[in-house]
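First the proteins, then the strands, lettered A, B, ... as listed; each starts at 1. Hydrogens, waters and symmetry mates play no part in the numbers below; they use all other heavy atoms, side chains included.
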Amino acid sequence: MNHLENVEKIDIDRFREDLISWFRHEQRSLPWREDQDPYKVWVSEIMLQQTRVDTVIPYFLRFMEQFPTIEALADADEDKVLKAWEGLGYYSRARNLQAAVREVKEKYNGVVPDSPKEIAGLKGVGPYTAGAILSIAYGIPEPAVDGNVMRVLSRILLIREDIAKPSSRRIFEEAVRKLISHESPSDFNQALMELGALICTPTSPSCLLCPVRDHCQAFHEGEQNNLPIKAKKKKPKQVRLAAAVAVDGEGRILIRKRSAEGLLANLWELPSVEVHHPIGNARAELEHFYKEAFQAEMKVGEPLGQIQHVFSHLIWDVIVYSAELDGTVAENESLRLVPLEGLAEFALPVPHQKMLALYAARV
DNA sequence: AAAACGTGGAA
DNA sequence: TTTCCAAGTTT
């Protein structure tokens, strides 16, 4: 099936003009739109991956204040970068961004490269982000196909591919290559995304306000509410955990740094163990775990409460206990005893913030 | 190709 | 309450 045949039905010159003209009048004022600094464009694009604009804004402002340049970010401690990212989610974005910035500093003399090959080779920069930086920062006519663009073009071009499939992106990239303005690639790409965010929304698109309604084949067919086609995602898996807020004689809480790989990599946490359903003597399992992992003798007290946290692919149900450490625990790079007030210095993921809130409510 | 990888807000 | 999602990338 040739998905691009409908491109031929578009009056491309008028489409570009209607779209870009709308964008120039109606675009939102956003912090990363104040200039075209490739570093700022880059940081904003990474933060915006799978994340709402309103969520990103305060993080972006703080991040640019703390790490204003490629040099500043390259020279920062990873712990500081993760702390700045705390609460944003998908933390590998932060670690990959810093790794990539360090590569730009060393290999490209601190200048974000402007070739598709070089920029796509950077950690955390996939096909979307590469196209976004090239077009927005450098004015190069490359596709930047995100979820917005696939939704908008699936309607305008009446493309019935499942946009949840990895292979679909290629089809939309080919469409963009035919449609994109070579005079204003930045405005064109951003306009497609802005249209998706403001007008051509997932449910109940505002077709009556749409600047390119006349070009939209889904609107013409009355199909705008049936597109895009998108497969449902599967439900997250349930995981039951037991965690302890383990306090030593001086009121300090035992925290540890998570593994460098996988979920919440390199963030700090209250140590926890998975408890398997009916078996569970969670209290005994926790004491055993602390002894094995930290050589810590610990008396587990009463439950402080239970928290639930929903990730994209799993659900944590955590029973949280208070506990008292007997004697000393040897601190090291990834194991620390920290007073409650001192925890603000550490990057803790949201579920562990919730667990700590149960403890903080008692003291 | 499919699964891992976070979070908070909207429908 | 439940589902879906919001400017994706990596493995």
Side-chain angles (χ1 to χ4, degrees), chain A residues 23 27-28 30-33 40-60 82 85-97 99-100 119-133 135-137 143-152 162-170 172-173 176 186 189-198 200-205 225 228 230-237 239 258-267 269 308-316 347-354:
Chain A
F23 177 70
Q27 65 174 296
R28 292 166 292 180
L30 298 169
W32 47 88
R33 284 181 174 163
K40 290 186 200 169
V41 172
W42 185 5
V43 171
S44 72
E45 291 302 340
I46 300 297
M47 286 189 170
L48 285 162
Q49 289 170 7
Q50 301 291 284
T51 310
R52 296 186 130 76
V53 165
D54 288 342
T55 302
V56 167
I57 290 172
Y59 281 91
F60 177 81
L82 286 173
W85 210 272
E86 181 186 73
L88 242 199
Y90 288 143
Y91 299 97
S92 67
R93 291 183 295 175
R95 296 185 297 116
N96 286 339
L97 173 61
I119 201 157
L122 298 170
K123 277 189 185 130
V125 179
Y128 163 75
T129 304
I133 296 172
S135 61
I136 297 172
V145 173
D146 70 343
N148 284 310
V149 172
M150 288 196 283
R151 180 174 62 257
V152 169
D162 178 3
I163 66 169
K165 293 170 67 170
S167 57
S168 296
R169 199 199 67 249
R170 182 182 45 78
F172 292 93
E173 283 177 347
V176 171
S186 170
N189 278 343
Q190 291 191 76
L192 236 29
M193 293 187 275
E194 195 81 341
L195 189 70
L198 300 182
C200 195
T201 48
T203 58
S204 55
N225 291 312
K230 189 175 186 184
K232 292 190 174 82
K233 45 184 90 160
K234 51 177 241 182
K235 288 180 183 169
K237 186 181 112 188
V239 178
R258 292 177 61 89
S259 151
E261 291 177 357
L263 185 66
L264 306 171
N266 281 1
L267 272 72
E269 68 169 359
Q308 185 179 73
H309 189 77
V310 180
F311 297 90
S312 48
H313 61 303
L314 48 86
I315 300 175
W316 277 3
L348 289 148
V350 170
H352 296 280
Q353 309 267 10
K354 293 178 184 172

S.K.: For A:I315 and B:dG6, give me the distance from atom CD1 to atom P, rounded to whole Å.
M.R.: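 Spelled out: CD1 on A:I315 to P on B:dG6 is 16 Å.
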S.K.: Name the nucleic acid region contacted by A:L264, choosing base, sugar-phosphate or nothing; use a 4.0 angstrom heavy-atom cut-off, strictly under.
M.R.: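 The answer is sugar-phosphate, as A:L264 gets under 4.0 Å only of primed atoms, P, OP1 or OP2.
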S.K.: Heavy atoms only, 4.0 Å cut-off, all strands: where does A:V56 land among base, sugar-phosphate and nothing?
M.R.: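 The answer is nothing, as A:V56 stays clear of every strand by at least 4.0 Å.
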S.K.: Between C1' on C:dT10 and CG on A:N96, what's the gap in Å once rounded to a whole number?
M.R.: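 Taking CG of A:N96 and C1' of C:dT10, I get 8 Å after rounding.
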S.K.: Starting from the 5' end of DNA chain B, give me the residue, A:P166 or A:L314, whose nearest nucleotide shows up first.
M.R.: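 This one resolves to A:P166.
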S.K.: If I take atom NZ in residue A:K233 and atom C1' in nucleotide B:dC5, what distance separates them, rounded to the nearest angstrom?
M.R.: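 These atoms are roughly 12 Å apart.
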S.K.: So what does A:L30 touch, heavy atoms closer than 4.0 Å: a base, only the sugar-phosphate, or nothing?
M.R.: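 Result for A:L30 = base.
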S.K.: Separation of A:K165 atom NZ from B:dA2 atom P, in whole Å?
M.R.: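 Taking NZ of A:K165 and P of B:dA2, I get 8 Å after rounding.
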S.K.: Between A:Q308 and A:I315 (side chain of the first, backbone of the second, donor and acceptor by atom type, cut-off under 3.5 Å), is there such a pair?
M.R.: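 No: the side chain of A:Q308 does not pair with the backbone of A:I315.
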S.K.: When all nucleic acid strands are considered with a 4.0 Å heavy-atom cut-off, which category describes A:W32: base, sugar-phosphate, or nothing?
M.R.: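 Since a base atom lies under 4.0 Å of A:W32, the category is base.
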S.K.: With respect to the phosphate group of C:dT10, does any side-chain polar atom (N or O) of A:Y90 fall under 4.0 Å of OP1 or OP2?
M.R.: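 For A:Y90, the contact criterion (side-chain N or O under 4.0 Å from OP1 or OP2 of C:dT10) is not met.
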S.K.: Under a 4.5 Å cut-off applied to non-hydrogen side-chain atoms, are A:E269 and A:L264 in contact?
M.R.: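 Counting from C-beta outward, A:E269 and A:L264 never come under 4.5 Å.
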S.K.: Just call it for A:G196: base, sugar-phosphate, or nothing, with non-hydrogen atoms closer than 4.0 Å on any strand.
M.R.: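 A:G196: no heavy atom of the nucleic acid under 4.0 Å.
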S.K.: For B:dC5, does OP1 or OP2 lie under 4.0 Å from any side-chain N or O of A:H313?
M.R.: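 Indeed, a polar side-chain atom of A:H313 lies that close.
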S.K.: I'd like to know if A:T129 reaches the base of C:dG8 with its side chain, counting only an N/O donor and acceptor under 3.5 Å.
M.R.: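 Such a pair does not exist between side chain and base.
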S.K.: Answer with base, sugar-phosphate or nothing: what part of the nucleic acid does A:R258 contact at a heavy-atom distance below 4.0 Å?
M.R.: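 Answer is nothing: A:R258 stays at 4.0 Å or more from every strand.
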S.K.: Within the structure shown, what part of the strands sits under 4.0 Å from A:T55 by heavy-atom distance: base, sugar-phosphate, or nothing?
M.R.: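 Contact class for A:T55: none.
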S.K.: Which nucleotide in the set B:dA10, C:dT9, B:dA4 lies at the smallest distance from any side-chain heavy atom of A:R52?
M.R.: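 Looking only at heavy atoms from C-beta outward on A:R52, the closest nucleotide is B:dA10.
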S.K.: Is a donor on one side and an acceptor on the other found under 3.5 Å between the side chain of A:R93 and the backbone of A:M47?
M.R.: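 Judged by distance alone, yes, a pair lies under 3.5 Å.
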S.K.: Between A:Q49 and A:Y128, does a side chain to side chain donor-acceptor pair (under 3.5 Å) hold up when you go through it step by step?
M.R.: CA-CA 9 Å; A:Q49 289 170 7; A:Y128 163 75; over 6 Å; no
S.K.: How many whole angstroms separate atom CZ of A:F311 from atom C1' of B:dG8?
M.R.: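 The answer, rounded to whole Å, is 14 Å.
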S.K.: Round to a whole Å and report the spacing from CE of A:M150 to C1' of C:dG8.
M.R.: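 After rounding, the reported distance stands at 9 Å.
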S.K.: If I take atom CG in residue A:D54 and atom C1' in nucleotide B:dG8, what distance separates them, rounded to the nearest angstrom?
M.R.: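 So the two atoms are 11 Å apart, to the nearest Å.
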S.K.: Would you mind classifying the nucleic acid contact of A:V53 as base, sugar-phosphate or nothing, using non-hydrogen atoms under 4.0 angstrom?
M.R.: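 If one applies the 4.0 Å heavy-atom cut-off, A:V53 turns out to touch a base.
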S.K.: To the nearest Å, how far apart are A:L348 CG and B:dT7 P?
M.R.: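 Checked: the CG to P distance equals 11 Å.
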S.K.: Which nucleotide in the list C:dT9, C:dA6, B:dA4 gets nearest to the side chain of A:P202?
M.R.: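 The closest nucleotide is C:dA6.
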S.K.: Donor-acceptor pair, A:R151 side chain versus A:C200 backbone, under 3.5 Å?
M.R.: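 Side chain of A:R151 to backbone of A:C200: a pair is present.
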S.K.: Should the heavy atoms of other residues, nucleotides or ligands under 6.0 Å from NZ of A:K123 be counted, would the total exceed 12?
M.R.: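 Count not over threshold, so no.
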S.K.: Nearest to the side chain of A:S167, which nucleotide is it out of B:dA1, B:dT7, B:dG6?
M.R.: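 Among B:dA1, B:dT7, B:dG6, the one nearest the side chain of A:S167 is B:dA1.
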